[in-house]
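Start at 1 with the first residue, then count along the sequence. For ligands, and for the atoms within them, numbers begin at 1 and follow the listed sequence.
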Amino acid sequence: MSNAAAKPLADDARERLIRALPKVELHLHIEGTLEPEMMFSLAGKHGVKLPYASVEAVRAAYAFHDLQSFLDLYYAGCDVLRDRKDFYALALAYFTRAHADGVVHAELFFDPQTHTVRGIPLEVVIGGFRDAMDDAHRRYGITSELILCFLRHLSEEDALATLDAALPFRGDLVGVGLDSGERGNPPAKFQRVFARARALGLRAVAHAGEEGPAAYITEALDLLGAERIDHGVRCEEDPALVERLVREQIPLTVCPLSNLKLCVVKDLKAHNFAKLLRRGVVLTINSDDPAYFGGYIADNYRATAVAQALTAAELVQVAENAARASFLPATAKTALLNKIRSAAARA
Ligand code: HPA
Ligand code: ZN
């Protein structure tokens, strides 16, 4: 790729490079990897009646106009996840798909409150994920971590109780996050629970600036101690914030196909990805809820590279950004960065 680095990529060279790059996924809701086929098979297993006649009818229902219209279906879909084997099967299917896309490390979000409210113990949820993470490491060499997300449409008291309930599983968690409906649920609402999580040595991330204003990004950084911002694409509305993101090298975990499906952008050409990347913001590419948004991580790299006319050097930069922005130990990061560079040089 060396002498073509600055030019827009030809189709075959882009495909070769995207396939070859070792990828790190930092914004992936594991419940958002529930494919309709698995939804139907688990519904059959547990005798759950789905409001859809077929897999095709489920897919046809995935036409969203905003974040909430997606969340309504996403939470309803979770109802088929009931026992430890279900959570295992869900996560292992993700790892198998991610491995095919060249993912070597993944930091998975999960929404415990969606399951505990249905009477499913945390041990079942986390135990099933942990079994799959161990298997994914054995089978595919993929390393992974879990990030416990608080649902921001619920109260901070509920989040505090969830953190307390997760204490026996502290060793299974790398950090905490904040997701669900953003509008009207500012990061400020969760200051105490994030302070407590950080005091426990958990890392902090938060969704902000997807549908919510740029001010939520600033709040997530200053009030929650977030080390990465999930989405963050509305940072552009505050030039001083963009400057800060560049100066402090704060990573954004961008999910372009999600932004398209949830109408955060009208088309991928209108996305601010290349603009922010060229401005020096530390951007990464991720899949968010791939079963609902029509693409896994390589699809997101591909669609973004095409629509935004990314160069080879920019794609490599994005892959390197993700390795640096991960919660991997320093030695693993260095090894991964070397792998990315040599894979890019060979592609
Ligand atoms: N945004 C907020 N909450 C979510 C998302 C998202 O994209 N996916 C799953 N929960
Ligand atoms: Zn998300």
A.B. asks: For the atom pair OG1 (Thr253) and NE2 (His207), what is the distance rounded to the nearest 0.5 Å?
C.D. replies: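 Going from the OG1 atom of Thr253 to the NE2 atom of His207 covers 6.5 Å.
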A.B. asks: Numbering the atoms of ligand 1 from 1, which are under 4.0 Å from a heavy atom of Phe70?
C.D. replies: 8 (N), 9 (C)
A.B. asks: Looking only at distances, please establish whether an N/O atom of ligand 1 is found under 3.5 Å from an N/O atom of Tyr75.
C.D. replies: no
A.B. asks: Compare His207, Arg152, Glu211, His29 and give the one whose heavy atom is closest to atom 10 (N) of ligand 1.
C.D. replies: His29
A.B. asks: Which heavy atom of the protein is the closest neighbour of atom 8 (N) of ligand 1, given with residue, atom name and distance?
C.D. replies: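 Of every protein heavy atom, Asp289 OD2, 2.7 Å lies nearest to atom 8 (N) of ligand 1.
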A.B. asks: Does Arg59 CZ have over 12 foreign heavy atoms under 6.0 Å away?
C.D. replies: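 Counting neighbours around CZ of Arg59, more than 12 heavy atoms of other residues, nucleotides or ligands fall under 6.0 Å, so yes.
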A.B. asks: I need the atoms of ligand 1 closer than 4.0 Å to a non-hydrogen atom of Glu210, numbered in the order shown.
C.D. replies: 1 (N), 2 (C), 6 (C), 7 (O)
A.B. asks: Below a 4.0 angstrom heavy-atom separation, can you tell me which part of Glu31, side chain or backbone, both or neither, approaches ligand 1?
C.D. replies: neither
A.B. asks: In terms of hydrophobic clustering (I, L, V, M, F, W, Y; side-chain heavy atoms under 4.5 Å; direct or indirect links), are Val265 and Leu310 co-clustered?
C.D. replies: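 Different clusters: Val265 never reaches Leu310 through Ile, Leu, Val, Met, Phe, Trp or Tyr contacts under 4.5 Å.
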A.B. asks: Looking only at N/O atoms, are His231 and ligand 1 under 3.5 Å apart anywhere?
C.D. replies: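 So ligand 1 has an N or O lying under 3.5 Å from an N or O of His231.
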A.B. asks: Any Lys/Arg nitrogen of Asp289 or Lys261 sitting under 4.0 Å from an Asp/Glu carboxylate oxygen of the other?
C.D. replies: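 No.
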A.B. asks: Using the ring pair (Phe, Tyr, Trp, His ring centres under 6.0 Å) definition, which of the options Phe293, Phe109, Phe70 pairs with His29?
C.D. replies: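 Among Phe293, Phe109, Phe70, the one that satisfies the ring pair (Phe, Tyr, Trp, His ring centres under 6.0 Å) with His29 is Phe109.
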A.B. asks: Not counting sequence neighbours, which residues clear side-chain hydrogen bond (donor to acceptor under 3.5 Å, both in side chains) with Glu31? List them please.
C.D. replies: His115
A.B. asks: Quick check for you: to the nearest 0.5 Å, what is the distance between Leu277 atom CG and Ile285 atom CD1?
C.D. replies: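 It is 8.5 Å, given to the nearest 0.5 Å.
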A.B. asks: Closer than 2.8 Å to the Zn ion (ligand 2): how many protein N, O or S atoms are there?
C.D. replies: 4
A.B. asks: Would you call Arg228-Glu107 a salt bridge at under 4.0 Å N-O?
C.D. replies: yes
